Amino acid sequence: MPTKETALQAIVDQGLLPLFFYEDPQVSLDIIQTLYKAGVRTLEYTNRGPAALENFKYLKQELQQYPDLHLGIGTIKTVEQANDFLKAGADYIVAPIVDPAVGSLVHEAGLLWIPGCFTPTEIHVAQQAQAALIKIFPANIVGPAFVSSIKELFPGQLFIPTGGVEMEESNFRTWFKAGVCAVGMGSKLISKDILANRQYDQLHTLTQQALHLAQTCRS
């Protein structure tokens with residue numbers, strides 16, 4: 001049974017958090033199975049369309065054969081959304097914003113809440129709301145230098161950037177050197193072409209490369 005601790009450890013161990021949404025539930029399942037075969041054990045499905053909740057319920061049902069896979073849900077902005085996806089079996093909740101009420105609900109369920117922050121003030125609010133892991137978002141705007149600059153203000157806090165992470169060794173290395181514990185990758189890993197054209201072999205190869213980069217660049 002996933003807990004706050006196991007979900008956090010899975011992300012830290014993997015060093016990479018793939019994230020995506022696609023309106024077709026079967027293609028979504030195929031993508032996740034491809035990620036799993038490539039070595040992924042935790043990923044974020046995003047609440048980016050009307051079909052997200054029903055798709056998520058379908059995915060949780062079909063993925064019961066993978067008991068070691070953590071499936072989180074992202075783009076959660078309200079308590080109502082969080083409640084719906086917790087009931088649907090989300091293993092953790094990721095948000096683009098900081099709403100302590102969402103954090104409280106998730107923590108009451110014993111699960112991991114990952115709020116998105118853009119400023120030191122938001123990071124402080126997230127910390128006060130007991131966020132074990134904070135998403136730097138949109139990371140392409142603030143960059144690794146932001147993490148380097150603020151990390152000493154929040155000793156022991158874990159950070160993960162989303163947006164602005166490129167499939168390049170120098171980029172991975174710069175982020176990890178700045179002090180993040182993992183990196184989030186969306187369209188730079190699971191592109192529109194891969195989704196539209198069902199390019200699962202390409203995704204498998206790219207995912208293995210990204211996992212390798214995450215492991216080697218943080219050492």
Side-chain angles (χ1 to χ4, degrees), residues 1-4 6-11 14 16-97 99 102 105-116 133 135 137 160 162 182 184-208 210-211:
M1 190 73 179
T3 65
K4 177 181 178 180
T6 63
L8 178 60
Q9 195 60 52
I11 294 170
Q14 190 165 281
L16 172 78
L17 185 62
L19 55 126
F20 81 103
F21 168 76
Y22 196 65
E23 59 271 10
D24 186 298
Q26 183 57 51
V27 173
S28 296
L29 179 61
D30 293 342
I31 291 290
I32 294 174
Q33 289 175 327
T34 301
L35 293 171
Y36 186 90
K37 289 173 185 173
V40 167
R41 293 298 178 268
T42 181
L43 68 116
E44 172 191 339
Y45 196 68
T46 55
N47 179 32
R48 290 289 184 95
L53 181 58
E54 289 307 311
N55 283 7
F56 194 85
K57 292 175 181 177
Y58 170 78
L59 293 170
K60 287 296 293 186
Q61 180 67 31
E62 295 297 317
L63 292 168
Q64 290 183 41
Q65 58 183 307
Y66 306 109
D68 58 340
L69 177 68
H70 286 79
L71 182 62
I73 183 69
T75 321
I76 299 299
K77 296 180 287 185
T78 67
V79 168
E80 181 181 12
Q81 290 172 341
N83 197 44
D84 286 343
F85 280 94
L86 288 173
K87 288 179 179 177
D91 294 328
Y92 54 91
I93 299 287
V94 187
I97 60 168
D99 184 340
V102 172
L105 179 70
V106 179
H107 290 151
E108 285 175 13
L111 298 176
L112 179 66
W113 169 59
I114 308 173
L133 176 59
K135 177 169 83 165
F137 176 80
I160 178 170
T162 299
M185 290 195 79
S187 60
K188 295 297 172 67
L189 176 64
I190 308 165
S191 68
K192 289 182 179 179
D193 281 347
I194 284 174
L195 290 165
N197 300 311
R198 322 293 197 256
Q199 296 170 342
Y200 303 135
D201 289 343
Q202 182 182 350
L203 176 60
H204 187 275
T205 299
L206 287 172
T207 303
Q208 288 187 321
L211 288 169

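Along the sequence shown, residues are numbered consecutively beginning with 1. All figures in this text were calculated on a predicted structure; none of them were measured in a lab. Side chains included, hydrogens not; waters and symmetry mates left out as well; all remaining heavy atoms used.
- Put simply, the residue from I190, L19, T207, L69 that forms a side-chain contact (heavy atoms from CB on, under 4.5 Å) with L43 is L69.
- A donor-acceptor contact shorter than 3.5 Å is absent between the side chain of Q14 and the backbone of A10.
- In this structure, Y200 and V27 have side chains that are in contact, with non-hydrogen atoms separated by less than 4.5 Å.
- Looking at heavy atoms from C-beta onward, T78 lies out of side-chain contact with D99 at the 4.5 angstrom threshold.
- A side-chain N or O of T42 and one of Y92 form a donor-acceptor pair less than 3.5 Å apart.
- Under a cut-off of 6.0 angstrom, the local environment of CD in E80 is sparse, with at most 12 non-hydrogen atoms contributed by other residues, nucleotides or ligands.
- The list of salt bridge (Lys or Arg N to Asp or Glu O under 4.0 Å) pairs with a residue in residues 47-63, not counting sequence neighbours, reads E54-K57, K60-D91.
- Between D24 atom CG and R198 atom CZ the span is 6.0 Å, to the nearest 0.5 Å.
- With rounding to the nearest 0.5 angstrom, the CD1 atom of I194 is 4.5 Å from the CD atom of Q202.
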(message) Under the criterion side chain to side chain contact (heavy atoms under 4.5 Å, CB included), I'd like the reasoning laid out for F21 against N47: C-alpha separation, chi angles, the key distance, then a yes or no.
(response) CA-CA 7 Å; F21 168 76; N47 179 32; over 6 Å; no

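- At a threshold of 4.5 Å between non-hydrogen side-chain atoms, the residues L71 and Y66 do not count as touching.
- Atom NZ in K87 sits 10.5 Å away from atom CG in L53 (nearest 0.5 Å).
- For CG of N197, the number of neighbouring non-hydrogen atoms (other residues, nucleotides, ligands) closer than 6.0 Å is greater than 12.
- Between K4 and L112, some side-chain heavy-atom pair lies under the 4.5 Å cut-off.
- A heavy-atom distance below 4.5 Å is not found between the side chains of S187 and K192.
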N/O donor-acceptor pairs under 3.5 Å from side chains in residues 31-38, not counting sequence neighbours:
from	atom 1	to	atom 2	distance (Å)
T34	OG1	D30	O	2.8
Y36	OH	D68	OD1	2.6
Y36	OH	D68	OD2	3.1

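- For the pair W113/I76, no side-chain contact is recorded, criterion being any heavy-atom separation below 4.5 Å from C-beta on.
- Judged purely by atom type and a 3.5 angstrom limit, N55 uses its side chain to pair as donor or acceptor with the backbone of Y22.
- Inter-residue side-chain proximity for T162 and V94 is flagged as unmet; no heavy-atom pair is nearer than 4.5 Å.
- Aromatic ring orientation, Y45 versus F20: perpendicular (interplanar angle above 60°, classes split at 30° and 60°).
- Under the 4.5 Å side-chain criterion, counting only non-hydrogen atoms from C-beta, L63 is in contact with L29.
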